[in-house]
Amino acid sequence: MYFLDIGQGDSTLIKTPNNHQILIDGGPKNYVLQELDKVMPFFDKTIDLVVITHPHADHIDGLVEVLKRYEVDAVLISGVDYESPSYDEFLKVVAEKNIQIYIAKKSEDFSFGNVFLDVIYPDKSIFGKKFQDLNNSSIVIKILYGGKKILMTGDMAFEEENLLIKTGLNLNADILKVGHHGSKTSSSREFLNLVKPEIAIIQSENGNSFGHPSKEALNRLKAAGVQQIYRNDIDGLIEIIF
Ligand SMILES: [Zn+2]
């Protein structure tokens, strides 16, 4: 897994042992292109699945060029009601290139060889739904591989964490991609006590104007027993090998 160094935003590439590639979010601007060049062989221009956790600019801006330059087999989106130039353009290119669209729901899971993507939020489709806080529409995926579990949370905040807690689903994971760049309104004590991650990853940019990651979230991660926190703002490109 590569937590790409794309500035203030999220973008993660997963390479499977069978050489499938899954890209979760694409970060702001087009920084993702340089980062993909670092971690994908130059002759490989295919991506099996692109996931948009939610269509905010810091998660999707880079994806328009990714769709244009790579052969993307399928996209997974929530289909929430949201308009922005880059999201409109993304949907336009998906339609033009006739890319397969999956609408996220709990029963829609994906496997790539022995790597399994378990969609755990939304429970039922939220297609066409308007959210007051789009962050709380973030698709949440648990990745399972070789006995390891990685929880990808987009920009989920307390409200969505509480929904997940109420479902009674097993949220435990070895690695947590911390919600909303380490914002103070994500990663509640209750949520972290259920996830119990050993490793936490924070995608944020050095000196970002939001003050991400927040002291509050960092303290809660430490209090929950997280042994290692990796951050793009300090560590640059983060690579985890299983
Ligand atoms: Zn974000």
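Model, not experiment: these values are computed from the prediction. Numbering of ligands and ligand atoms starts at 1, following listing order. Basis for what follows: all heavy atoms, side chains included, without hydrogens, waters or symmetry-related copies.
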Neighbour count above 12 (heavy atom, 6.0 Å) for K92 NZ: no
For the residue pair H181 / D58, report whether a side-chain donor-acceptor contact shorter than 3.5 Å exists. yes
Got a sec: is H56 within less than 2.8 Å of the Zn ion (ligand 1) via an N/O/S atom? no
Could you tell me the angle subtended at the Zn ion (ligand 1) by NE2 of H181 and NE2 of H59, rounded to 10°? 110°
Using only heavy-atom distances, determine whether the side chains of H56 and D155 contain a donor-acceptor pair under 3.5 Å. no
Work out the angle at the Zn ion (ligand 1) between OD2 of D155 and OD2 of D58, rounded to 10°. 150°
Between the side chains of S11 and D25, is a donor N or O closer than 3.5 angstrom to an acceptor N or O? no
